[in-house]
Structure formats: structure tokens, C-alpha cells
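Residue numbers run from 1 in the order of the sequence given. As the structure lists them, so they are numbered: ligands from 1, and atoms in each ligand from 1.
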Amino acid sequence: MALITLRQLLDHAGENGYGMPAFNITNLETMQAVMEAADRTNSPVLLQASRTARKYMGDRFLQGMFMAAVQTYPHLPVCMHLDHGNELGTCMEAMDLGFTSVMMDGSLEADAKTPSDYDYNVAETSSVVEVAHARGISVEGELGVLGSLETGTGEKEDGHGFEGMLERNRLLTDPDEAYDFVAATKVDALAVACGTSHGAYKFSRRPNGDILAMDVIEKINEKLPDTHLVMHGASTVPQYLQDLINENGGDIPQTFGVPLEEVQRGIKSGVRKVNIDTDIRMALSGSMREFLLKNRSSFDIRAILKPGRQRVVELCIERNELFGCAGMADRIKPLSLSQMADRYAAGILRPRAA
Ligand code: G3H
Ligand code: 13P
Ligand code: ZN
């Protein structure tokens, strides 16, 4: 079995200057599509499941699907990552299920709505790191609160995001604080706030530096050149998918995502993990709408889901190629969790701010 940790995967990405798309998995079809795209491009795989996705699928079904993915494609290194863990208990459940990486999102309190303070974030994240590293499992932390620089609010379209309004400085990760946070918590990867948010409604216009602060990422990278940075809310929300939905009975107001060139610019400045969920949802649901409108008498759910699964394959292939991870799978020899635990214990995998 070719399970791999986030730390080993992102170390390889860092050494070779590429980015890893982290695809959110919601059901069988999204999982199959991501794996087929990886197989066709010889890419390592970074699968992530949110708490909501875990609840929707059920932990045992999710675990079975992960294992099936690894067994079907034994030649591909696969990282299983928990997206937006909210407290130690949630992260430990995921570790017990076989996840090789967890995110402890301490930028918000355990209710995932209230912005936390720095000390809370350090304490919660450090407690997860201590448990995880002893088991060889990687940890992603988050500093700065994800939200819109246009409105000062958090996006709650997908149930994530803070309530109320925040000042611009809380919505941007401070590079000095980032340095201290990585040194104090020993996280393997750091999610940063730079104006992106979850869901389709990220920007009301094509973003410039005022509302998508790529310069913040560049400054953090100058301070922490060896730290693997993570971009959340990195879907591009492409026009062709907005059109596909709207031309087939949907009603999505015009919106803008993160342009692919900006993601590629981030990859040049230390972004190693690029989170993508919304684009997958749009590709799958838009294709279902199209099929159902064209085939009004059909109720064959396999036929309804198939074109969307294919569109997700194409989208993931494009991301794998543009982020540079295509062709990398067979260049990685995954280390086991116990080998990783030994490396942490021996101090070989030092915090990236040391
Ligand atoms: O973190 C945000 C992802 O898009 C997951 O969203 O909780 O609706 O699965 P979700
Ligand atoms: P998108 O909503 O932009 O796809 O972001 C997903 C994400 O950040 C998951 O953690
Ligand atoms: Zn996220």
C-alpha cells in the first residue's frame, strides 16, 4: 500500500518546486475521478475530507473508499488528510481511521465560527502536533482568518467561516507571527489568509492585489522559506462551469475565483498545497443538470453521474499538469508512519522555522 504522509509529500514538492492540488472528496464519484486523473498523469495524490464530508459519507464508508483507492492504484502515493479539524478529538478520530495527515484549524474556536486568539491557536495546534508526530502523522495549522477583503466577512456558503466582520489585518496572516507560530507549534504545513475564502462567491470582480493579497504570501515565504504554505479557497470558479450551471436551469450570480496564474505565482513562493473543492462540485453538479435537461425521461443514476465524473477527471488532470505534480508519482518512495515517527523523534524533521 502506498500511503504517504503530507510532510513527506510536501517535502518532495518543495525540493522539486511543484504544488500539490488537495482535492476534497465528497462521494464515490469524486474519489474515482481524482484517482483516475492521478493515474493518467502519474501524479501523487492528496485526498482530503472535511468534517461535513465525514458525516455525509460515514467514517467507515469513507475509510473503505480510501483503502479501495490505495489498493486499486498501488503505484500511486496517496495522502489521506483531514480538512479543517476543529479540536484534538476530531483529529484523533481521523488518526484512528488511518488518515496520514490532519489539519488542526485553530484560527477559529472549536465551534468553527468564533475567531480565536493567538494563544488559543498555539495551544490547540501544539496539542495535536504532539499526538500526531508521535504516530508519524503530519499536521497542517492555520494562522489568520479566511474571509473576504472586499466585505470583511467570512463565507458561510459551505458552512465554514466566521460570523460577523473582521478588520483587514485579521484577514491577512502576519509574516512575523507566522514565523513564531511555526516555531512554537512545529506544524508541517501552514495555511495562510490572503483574501481567499471557501465556496463560489470569493470575489465580485477579477481579483487584483487589493482583494487577493499574493504579496502577503511572498512576504511569509521570505520569512519562512522552508515552510510549506497552504492556500485554502483556491478554486478558480471558471466561467465555463458557471455557464454550464446557468445554461441548464441553474441561477448563479456572476462571480470570480482565484485565477490559475495567481495559484501558479503562489507555488513559486512556497505554496505547496492548493485546496480545491468548489470547482469539483460545480463540474459534477453542472454536468448532472445538463444531462437531466437533455434526457428528461432518464432516472438511471449511473448515466446521470457519469458525464460529471468525466468532467472532474479532466479538471483534475489540468490542475495536476499546471501545478507541476504530473509525472512525480513514481519518483517518490513512501515512508511508513513508524519511519516518520522515528524521524520526528530523532529531530530529523525539525520545525520549518528553526
Ligand atoms: O473547507 C471547506 C471545504 O469546501 C469543505 O466543505 O464542509 O461543505 O465539505 P464542506
Ligand atoms: P474552495 O471552496 O475554493 O474549493 O476551497 C476549498 C478548501 O479550501 C477546502 O479546505
Ligand atoms: Zn479550507
Within a distance under 4.0 Å of any heavy atom of Asp277, pick out the atoms of ligand 1 and give their elements. 3 (C), 4 (O), 5 (C), 6 (O)
Would His198 count as being in polar contact with ligand 2, using the rule that some N or O on each side must be under 3.5 angstrom apart? yes
Between Asp83 and ligand 2, is there a nitrogen or oxygen pair with a distance under 3.5 Å? yes
Would you name the heavy atoms of Ser107 and Val145 that are closest together and state the gap between them? O-CG2, 4.1 Å
Taking the side chain as everything from C-beta on, heavy atoms only, tell me whether Leu62 gets closer than 4.5 Å to Phe99. yes
Pairs of nitrogen or oxygen atoms closer than 3.5 Å, one from Arg281 and one from ligand 1: do any exist? yes
Relative to the Zn ion (ligand 3), which of the N, O or S atoms in His232 is the closest? ND1
Donor-acceptor pair, distance only, cut-off 3.5 Å: does the side chain of Glu290 make one with the backbone of Leu244? no
Would you name the N/O/S atom of His84 that lies closest to the Zn ion (ligand 3)? NE2
Answer with side chain, backbone, both or neither: which part of Asn24 has a heavy atom less than 4.0 angstrom from an atom of ligand 2? side chain
Check the pair Leu97, Arg60 against side-chain contact (heavy atoms from CB on, under 4.5 Å), reporting the backbone distance first and the verdict last. CA-CA 8 Å; Leu97 279 170; Arg60 290 290 166 206; 3.9 Å; yes
Looking at Glu262 and Arg265, does any basic side-chain N land under 4.0 Å from a carboxylate oxygen? yes
Can you list the ligand 2 atoms lying under 4.0 Å from a non-hydrogen atom of His232? 8 (O), 10 (O)
Check each atom of ligand 2 against the heavy atoms of Lys202 and keep those under 4.0 Å away; list them by number with element. 1 (P), 2 (O), 3 (O)
Specify the closest pair of heavy atoms between Leu146 and Leu171, including all atoms of both residues, with the distance to one decimal. C-CD2, 4.5 Å
Atom indices of ligand 2 within 4.0 angstrom of Gly199 heavy atoms, with elements: 2 (O)
Quick check: closest heavy atoms across Val187 and Gly141, and the distance to 0.1 Å? CG1-N, 3.8 Å
Selection from Ala234, Gly233, Ala191 by shortest heavy-atom distance to atom 8 (O) of ligand 2: Gly233
Atom CD of residue position Gln239 - does it have more than 12 heavy atoms of other residues, nucleotides or ligands inside 6.0 Å? yes
Closest non-hydrogen atom pair between Arg331 and His12, with its separation: O-NE2, 3.7 Å
May I ask whether Met103 places a heavy atom under 4.0 Å from ligand 2? no
Using a 4.0 Å cutoff against the non-hydrogen atoms of Ser235, which atoms of ligand 2 qualify? 1 (P), 3 (O), 4 (O)
Non-hydrogen side-chain atoms of Met35 and Thr72 separated by less than 4.5 Å: no
Just which atoms of ligand 2 are under 4.0 Å from any heavy atom in Ile276? 4 (O)
Could you tell me whether Thr26 approaches ligand 1 through its side chain, its backbone, both or neither, with non-hydrogen atoms closer than 4.0 Å? neither
Counting distance only, does the side-chain N/O of Asp279 pair as donor-acceptor with the main-chain N or O of Val237 below 3.5 Å? yes
Quick note on ligand 1: atoms under 4.0 Å from a heavy atom of Thr52 include exactly 7 (O), 9 (O), 10 (P)
For ligand 1, which atoms have a heavy atom of His84 less than 4.0 angstrom away? 1 (O)
List every atom of ligand 2 that sits less than 4.0 Å from any heavy atom of His84, numbering the atoms from 1 in the order shown and giving each element. 10 (O)
